Each structure stands twice: as structure tokens, then as C-alpha cells.
2 protein chains.
Amino acid sequence: MTDSNRPPDATQVGRPFDRSRDALILDVTLDLLAERAYDRVTLDDVAARTGKAKTTLYRRWATKDDLVLAAIHSIGLPPEIEQLPDLGSLRSDLLAVVDSPWLGGPDRRLALFSGLTSAARASERIAGAVRAEVTEPYGETYRRLLTRAIDRGELSAEMAARVPIVADVIPAMSTHYLTAADRPAQRDFFVAVIDDVVLPALQVGRG
Amino acid sequence: MTDSNRPPDATQVGRPFDRSRDALILDVTLDLLAERAYDRVTLDDVAARTGKAKTTLYRRWATKDDLVLAAIHSIGLPPEIEQLPDLGSLRSDLLAVVDSPWLGGPDRRLALFSGLTSAARASERIAGAVRAEVTEPYGETYRRLLTRAIDRGELSAEMAARVPIVADVIPAMSTHYLTAADRPAQRDFFVAVIDDVVLPALQVGRG
DNA sequence: TAATTACGCTACTCGTTAGTAGCGTAACCC
DNA sequence: GGGTTACGCTACTAACGAGTAGCGTAATTA
């Protein structure tokens, strides 16, 4: 199970298991993963920053991997995947996703992706969870925006074949920038990716 | 210094310091970094796989970081940056770089990039070396190919402004694929990136 | 041969981190 | 109140990994 150790007991007696603490712990775990690589995030760190005892963490999750898996699971889908922004043009829709506050906005989102990537290298279970619960849904958001632009005639139907690969350009360039430069990408970088790569790649033969 | 501890002594006496061992050790270090994240590569691993004693490693490099820095330094420039392939079209030139045997060919090159990225998160010195000696020169190779295509009239001169960002698409998509999928990218993926993203992005208004 | 230095080996120190044990106290049910 | 369970705390174990010490041996120069 990705989730907690101890399912809430129906015939409760004694001090109740305080589930409301979980959210704070998982948030702090993600914060730390946004700051440092997986191997440099210790459970002592998590305990210190949450103000909880390390034993309290282990009462909820059996291992560090389980804690991180639960944290990943707590992320949830990007809001845009449920309610795709419709601002009238593909360009503004893409920018809306770029500017989305999902996972704390562009900067923290990127830093977190980086931390999750390092976690993925440490465990096959985590790698699977990151792909299924973060990378995939985020890519899906872009794919849907592109497909919808075709549906409403903003793009030629011939571009449908390119959608899967072009949709990955923004996430790919974001993380690449993190490696290639020594600072998080600014907004004008994303604007350039959209205006100089994504949109042109979908408009050949139109002008 | 990025390089070895002990400079070869001019007034040599006694058993000579065998510099020829360095290359093997650095190669094995890169091999291991292509397999696992930085924190999971131990000097005991390096010693075991090289067949050398751990003390022999420490006689050459003072710390693990120094060893990895030397390994990075040993990589050298991609051959294409010195002698850019000229196969008549931008498309074939790009594919030549994709297929280049630099760093052991596409698969190992990608795996190594991934390991170097993890190493970069562990130390600011390593991060700088990776950027300066690997990421930057590799990006530069693509930038030159694109610029040359403009120079020879294959692309419109108006595309010059896009060169820096479009040149990063191939490296970015490569590493992204490594995260998004659970296997290294196949050649047809790179072909698709070139045909569906890079070239179209540089040909708007031409058709 | 003697002197000198590199190498490989075994065994260590020391710091760090995952995970655990035990206890006093807090919060809940009856 | 009494019973029961969660929490926080301190302290621990066990493993692992960077880096070191010491010794016997190999390779070289004089």
C-alpha cells in the first residue's frame, strides 16, 4: 500500500490516531524533496521540520520509501487536467498551464520534479509512482490542450500525429534548463519555448 | 585542481607512479555513474571493478569529488564539435550527432548524462564541471549545426533568433524521455523529435 | 645489492542515517 | 476516575561509506 500503515480502527478506544497530521508531514516531505536529492533528505529532517517525532512518522509509514510514495500520492492531478483552461487560444492555454499554481507554482514545481527524479533513481516503486502520478498526468494536460486546438480548428488536423511528441517539449525543456543553467527558468524562457518551438512546430505550411 | 594529486616527479627514484592506470579508473567511474546515481557509487565499487586497491585511488585523488571531477574532465569534447558532420542536409547532420559514438553511443551517453545530473546535485563544483564540460559543449554542437544550415541557405535567416532554444530540444527531449518512460529512447524517437519538432520549428512560412 | 617509492591488502576510525525500544505524558472512550 | 492508545523524547542498534594506517611486496634507479 502506498498509504499509511494503520487503517483507522472502527472500534476506536484510547487516544485517536490523528490523521490530520499526515498532510503536514507529506507536505514537508515534498518541500524537502524540492530542496535536495532523495538521498539527502533524512527522516530526521522531516521530523525536525514538521515538529513531529520520528517515531510518529514510523507509526504511519513503515519505511522512508513508503513515506515518499505517500507524499507522491498526495500530490493529486494538476487542476488543469480536470478543468482545462480555455482562454481562447492555444497560446494562452499553454501559458495558463505554465503559470499554474499546481505544486506551488512554476519554481517549486520544477524543483520538485528534480527531487522526484532523484527519488525515482533510488527505487523502482518510486520511479513507477512518479511516472504514473506526476509525469504522465502533466504530459496528458498538454496533450489535451493541443488536441483541443485541433478540434476547434485552430490547428490543422494533420498535426494530430505530432501531438504526443510536441506536448512533451515544455516539460522536457523545463527540466533541461534546470541542468543546463544554474538557476530556475524564468517566465520568458517558457514564452520562448512556446513561441519559438511548440507553436511553430504545429503550424508548418500555414505561416 | 581537477587533476591528480601527485604531479609526476622529475627527479624520479623508486617505483614510478603509473599514470597509465588513471584512464581505466576514470572510465570505470563513468561506467558506474551511467548505472547508478552519484550517492550509490562508492569508492569500494570503483576499486572492485577496476581491480585496483582503494588506497591506489586515494593516492591519485584526494576525495570522491576529485575523482568524479577528473572523470568528467577526461570526457573531452564531442568529436562533432571539432569536425562538424556535413552530410548535405541539416536533418542528416543532426542524426549524425544523435548517432555519434561519443561517450559510448546514444544509450550510454544518455545514461551517463543522467548520472552526471545526479552528481551535479551533490556538489556545486561538480555541477559547474558538468555544465562547462558536458552540457554546454554538447548544446554548442547543435547550435553550430543550425547556424551553419542558415549560413548555407537551407534555413531562412530569420530563424537565427530561434537557434539557441531550438538547439536544446534534442538534449532536453532525450533526458525527459529517460524520466517519462522506463527505458532508454530508441532511434525512432530521435527521428521523430527531429522531424516533428526541430525541423518544423525552423521552417514556418516555408512549407 | 641497497635505497626508494608505488601498489595491494586488511583493518581500522568516524560520521551519518534507517529504523527501534522504552518511558512519561496527552487525549480520547467508558 | 480508569483503561487504552497516540505522541514526543532520548537513546539506542546496525549498516554503510568516506577516508586512513600499517605492512608486505613489486618495480624502479643508482
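So you know, we letter chains A, B, ... as the sequences are listed, proteins then strands, and number each from 1. Quick caveat, the model's predicted, so the values are computed rather than measured. Side chains included, hydrogens not; waters and symmetry mates left out as well; all remaining heavy atoms used.
- Between A:D151 and A:R144 no salt bridge is recorded (no basic side-chain N to carboxylate O distance below 4.0 Å).
- Each salt bridge (Lys or Arg N to Asp or Glu O under 4.0 Å) pair with one or both residues in residues 190-202 of chain B, not counting sequence neighbours, appears once here: A:R162-B:D196, B:R91-B:D195.
- A sub-4.0 Å separation between OP1 or OP2 of C:dG8 and a side-chain N or O of B:T56 is present.
- The residue among A:D18 and B:D39 whose nearest nucleotide of DNA chain D lies closer to the 5′ end is A:D18.
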Worked verdict on A:R187 versus A:D107 for salt bridge (charged side-chain N to carboxylate O under 4.0 Å, His left out): CA-CA 10 Å; A:R187 190 167 189 279; A:D107 283 8; over 6 Å; no
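- For DNA chain C, the neighbouring residues in residues 47-55 of chain A, judged by any heavy atom under 4.0 Å, are A:K54, A:T55.
- The side chain of A:R60 places an N or O atom within less than 4.0 Å of a non-bridging phosphate oxygen (OP1 or OP2) of D:dC7.
- For the 3.5 Å distance criterion, the side chains of A:R121 and A:Y38 fail to qualify, holding no donor opposite an acceptor.
- Distance from the side chain of A:T63 is smallest for C:dG19 among the nucleotides D:dT20, C:dG19, C:dA6.
- If you find the closest nucleotide of DNA chain D to A:R21 and to B:D65, the one lying nearer the 5' end belongs to A:R21.
- No side-chain donor from either of B:S114 and B:T117 sits under 3.5 Å from a side-chain acceptor of the other.
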Table of protein N/O atoms under 3.5 Å from nucleotides 23-27 of chain D N/O atoms:
| from | atom 1 | to | atom 2 | distance (Å) |
| --- | --- | --- | --- | --- |
| D:dA26 | N3 | B:R15 | NH1 | 3.3 |

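- Residues A:S20 and A:D18 have side chains that bring a donor and an acceptor to within less than 3.5 angstrom of each other.
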